[in-house]
Amino acid sequence: MRPSVVIACFLGLAGSTNAAIHGRYVVKRGVLELRAEGYDFVIAGGGTAGLTVADRLSEAFPKKNVLVVEFGDIEYAPGVFDPPKTSMSDTSGMSSRWTLNSLPSPELNNSTAFVIVGKAVGGSSATNGMFFDRGSRHDYDAWDKLQEGGYGDERWDWDSIYPYFKKSVTFTPPPTAVAKEFNYTWDTTVFGNTTPIYASLPPFQWGDHYLARKSWVEMGIYNRKECAGGDKEGLCWIPISEHPVTARRSHAGIGHYAAVAATRPNYHLLVKHQVTRVLYRGANPKSGPPLLEIKPVNDDQSSSRFNVTAKAEVILSAGAFGTPSILQRSGIGPWAFLQRANIPLVLDLPGVGSNFQDHSGQRVEWNYTVPPNFTPMPSDMLNATYAAEAAIAFNQTPAQGPYTLAMSNSAIWVPLPNMTISYTILLDQIRSMLNTTIGLKDPKAAAHYHLPTDTDATQISGFRSQLSTIHNLLANPHAPSLESAFTTGTSVASVLLHPLSRGTVRLNLTDPLQPPILDYRSASNPIDIALHLIHLRYLRRMVQTTTLHDDLHAVETLPGLALHSDAELIGFIRNVTTQSYMHPCCTAAMLPRVEGGVVATDLRVHGVAGLRVVDASVFPILPSAHLSATVYAVAEKAADIIIRQWSEKYKAASSD
Ligand SMILES: Cc1cc2nc3c(=O)[nH]c(=O)nc-3n(C[C@H](O)[C@H](O)[C@H](O)COP(=O)(O)OP(=O)(O)OC[C@H]3O[C@@H](n4cnc5c(N)ncnc54)[C@H](O)[C@@H]3O)c2cc1C
Ligand SMILES: *[C@@H]1O[C@H](CO)[C@@H](O)[C@H](O)[C@H]1NC(C)=O
Ligand SMILES: *[C@@H]1O[C@H](CO)[C@@H](O)[C@H](O)[C@H]1NC(C)=O
Ligand SMILES: *[C@@H]1O[C@H](CO)[C@@H](O)[C@H](O)[C@H]1NC(C)=O
Ligand SMILES: *[C@@H]1O[C@H](CO)[C@@H](O)[C@H](O)[C@H]1NC(C)=O
Ligand SMILES: *[C@@H]1O[C@H](CO)[C@@H](O)[C@H](O)[C@H]1NC(C)=O
Ligand SMILES: *[C@@H]1O[C@H](CO)[C@@H](O)[C@H](O)[C@H]1NC(C)=O
Ligand SMILES: *[C@@H]1O[C@H](CO)[C@@H](O)[C@H](O)[C@H]1NC(C)=O
Ligand SMILES: *[C@@H]1O[C@H](CO)[C@@H](O)[C@H](O)[C@H]1NC(C)=O
Ligand SMILES: *[C@@H]1O[C@H](CO)[C@@H](O)[C@H](O)[C@H]1NC(C)=O
Ligand SMILES: *[C@@H]1O[C@H](CO)[C@@H](O)[C@H](O)[C@H]1NC(C)=O
């Protein structure tokens with residue numbers, strides 16, 4: 001029955017007056033509306049992971065109370081390309097976001113990263129590009145391998161996480177005519193059908209959509225029927241996180257809150273409140289679950305702070321920037337930094353806000369010397385009649401037309417050995433970086449691994465393990481290193497999937513409640529430049545295929561035919577790299593504490609009581625995918641772990 005409830009609620013949301021929304025599920029707006037007795041589980045951040053966990057816990061424990069504290073509000077969260085937008089780059093009406101600029105990255109001509117972060121019920125899933133892909137099995141097998149030497153029985157290899165990928169999403173095949181028109185392929189057995197988070201293949205493509213796919217097949221890239229089943233290298237159709245009938249965005253705020261809240265009196269959501277920090281009694285991190293200190297978003301007086309009590313535990317799900325900020329404000333983080341910040345130390349945990357990663361890359365562009373006549377094309381949206389028809393089509397049942405196509409749903413994932421025979425030289429470079437006489441505690445060690453100067457010995461040890469694991473991923477002919485997606489137009493991005501550069505996320509000491517300071521340090525590890533170069537050289541071959549070059553007279557305009565040598569292309573890379581594809585992660589990594597980790601395999605924060613992290617910050621390394629599907633799967637698995645651990649405790653308590 002859940003799916004039909006969801007449609008009703010969604011239409012409520014899309015109808016979009018706040019009154020209509022609050023009539024259905026009453027969110028809390030002030031601390032006086034909270035339970036005076038406190039809660040059992042308190043979750044910081046009502047985003048992709050936080051609402052998934054809240055939904056599962058409130059369902060499994062109907063007599064226990066769950067509170068989610070969210071910075072943003074319930075928002076009508078439009079898709080990337082919903083009416084009345086006429087271009088995909090139109091970001092108007094997107095108030096539910098933070099837009100951040102990083103510090104300059106010296107290796108990239110001091111350019112800064114531009115990053116968007118979701119700030120609404122549903123978090124980044126309510127504002128993202130809706131590209132809904134899973135990583136490769138080798139990514140998660142690598143995560144699991146990195147846990148060796150840690151404690152805890154939970155496994156995170158592909159076989160262990162795959163059931164949660166399935167559970168987390170409902171895939172609905174497209175109508176036969178649509179499938180035939182675009183040659184869509186899929187395998188329903190890799191998806192579930194119970195959770196109202198939807199993955200769908202849209203009933204629309206632009207007139208030139210097939211060009212890239214045809215060129216890629218010509219380049220010898222394997223055309224894979226389904227890429228969500230663990231094997232991902234090749235050319236893929238990727239579902240969009242949208243409802244199969246309405247084609248409206250499907251996100252955690254709808255599927256894991258709006259769809260269930262009306263029937264879950266034990267599931268509370270407080271909006272427009274910021275979690276400032278967690279507080280341990282007597283600053284003793286073993287003293288049991290901490291209090292969660294919160295404040296209204298628009299009230300900075302210290303008297304407006306309020307402590308929420310959690311009888312069972314506190315779960316941090318504030319995302320890759322929000323979670324390490326809360327921990328650092330709580331005195332849990334790198335000792336030297338906290339001392340400089342004048343924050344009383346509760347626990348020295350150097351991994352908090354370290355190990356920061358994101359996907360980055362450049363673009364290959366071309367033009368047509370003989371203008372081809374594709375139809376329809378995005379430029380048609382400038383024709384008022386066409387745009388009006390598109391809006392009408394989108395409101396049909398089922399929805400039709402260009403507005404059903406979000407950002408993109410077609411892409412390649414290519415392993416390094418498929419791109420160049422000289423990849424072994426790069427693997428040699430990684431091995432020689434590993435093969436060193438420098439000890440972990442040597443003052444020169446951080447520089448040897450191109451890590452930030454304040455990196456401690458545990459993190460260096462953890463980075464060595466990552467280097468070795470990523471070496472094996474890059475050597476693996478089935479593990480992707482490059483991603484490139486195409487929708488329409490004359491450009492494709494070359495995305496580096498497994499960077500070796502590591503940045504930091506640290507509080508802004510001028511105002512620690514503002515978004516933190518992001519130091520991307522992109523391309524600080526020279527291996528990343530070498531990888532970008534291989535990827536770029538490979539991807540530009542696309543413009544030389546029969547499809548683009550012979551049939552359509554395409555000419556490469558970026559990097560441009562004038563750039564040949566490694567030095568020229570590296571200059572181009574240093575000049576134009578996009579440092580963030582909006583996939584920040586790994587800033588409270590699941591790794592053993594002796595390897596610089598922040599959480600154990602059951603996602604409990606090392607060395608403290610009653611505190612867990614569940615969001616993209618726990619990833620140890622980036623997967624070969626956009627992050628939302630993996631965040632949902634991690635959150636589903638985390639919820640299962642939490643439910644199992646507390647069921648046992650509650651059972652033991654009741655039989656006492
Ligand atoms: C513009 C953009 C495009 C993207 N495109 C794609 C895509 O096409 N496909 C894809 O798979 N992934 C995409 N991603 C990435 C993906 O959406 C995110 O990685 C994922 O949703 C993160 O989930 P999370 O639970 O870790 O964090 P979020 O979903 O971001 O949730 C964190 C929540 O915590 C709240 N919060 C933060 N700090 C506090 C605080 N102190 N107190 C209270 N609340 C707080 C935030 O408001 C937010 O709601 C995109 C992301 C963005 C921003
Ligand atoms: C980047 O900025 C730093 C500090 O301002 C400066 O020393 C350096 O020369 C700059 N690098 C480039 C390539 O401009
Ligand atoms: C779909 O596949 C058929 C048969 O392989 C091919 O003839 C046709 O051009 C393809 N259509 C598109 C849009 O790719
Ligand atoms: C990589 O190359 C091998 C050998 O040519 C080929 O069989 C395989 O399909 C290629 N992989 C991809 C993802 O294209
Ligand atoms: C919150 O708890 C801390 C630690 O116990 C205490 O010092 C502080 O006064 C409390 N704040 C409020 C508003 O009750
Ligand atoms: C295409 O790009 C080439 C190389 O930059 C340029 O010489 C040519 O004029 C461009 N053609 C068109 C039609 O824009
Ligand atoms: C505008 O779009 C309408 C509807 O698709 C079409 O009939 C008309 O020819 C278009 N006009 C132009 C100038 O392309
Ligand atoms: C590691 O370094 C040592 C000393 O520099 C060298 O003798 C050895 O061959 C290297 N091993 C590998 C696998 O590169
Ligand atoms: C830190 O916060 C202050 C005050 O909000 C702001 O002016 C400054 O730009 C921030 N610094 C950075 C690096 O973002
Ligand atoms: C870098 O970009 C600037 C400005 O766009 C341009 O003038 C310069 O030629 C570029 N350098 C390289 C090496 O591409
Ligand atoms: C570095 O960036 C500056 C300013 O954007 C640009 O003028 C310059 O050409 C760039 N340097 C190189 C080497 O590309």
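Counting convention: from 1, in listed order, for ligands and their atoms alike. What you see is a predicted model, and the numbers here were worked out from it, not measured in a lab.
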Using 30° and 60° as the class limits, which term best fits the ring planes of Tyr650 and Trp646: parallel, tilted or perpendicular?
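Rings of Tyr650 and Trp646: tilted, as their planes differ by 30° to 60°.
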Can you say whether the rings of His626 and Phe131 are parallel (under 30°), tilted (30 to 60°) or perpendicular (over 60°)?
tilted
For [atom], grab the closest protein heavy atom and report residue, atom and distance to one decimal in Å.
atom	answer
atom 5 (O) of ligand 5	Leu291 CD1, 4.0 Å
atom 14 (O) of ligand 5	Asn307 ND2, 3.4 Å
atom 4 (C) of ligand 5	Leu279 CD1, 4.2 Å
atom 13 (C) of ligand 5	Arg305 O, 3.4 Å

Ring centres under 6.0 Å, that's the criterion: do Phe356 and Phe321 meet it?
yes
Please confirm whether Arg506 makes a cation-pi placement over Phe337, using NZ or CZ under 6.0 Å from the six-membered ring centre and within 45° of the ring normal.
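Output yes; distance and angle both within limits.
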Ligand-residue contact atoms, ligand 9 with Gln514, heavy atoms, under 4.0 Å
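Listed by number with element: 5 (O).
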Any salt bridge between Lys63 and Asp40, counting N to O under 4.0 Å?
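No, no charged N to carboxylate O under 4.0 Å.
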Can Asp73 and Arg29 be counted as an ion pair, charged N to O under 4.0 angstrom?
yes
Do protein heavy atoms approach atom 11 (N) of ligand 5 to less than 4.0 Å?
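Yes.
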Counting heavy atoms only, which of Leu100, Asn101, Ile517, Asn508 comes nearest to atom 3 (C) of ligand 9?
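Comparing heavy atoms across Leu100, Asn101, Ile517, Asn508, the nearest one to atom 3 (C) of ligand 9 lies in Asn508.
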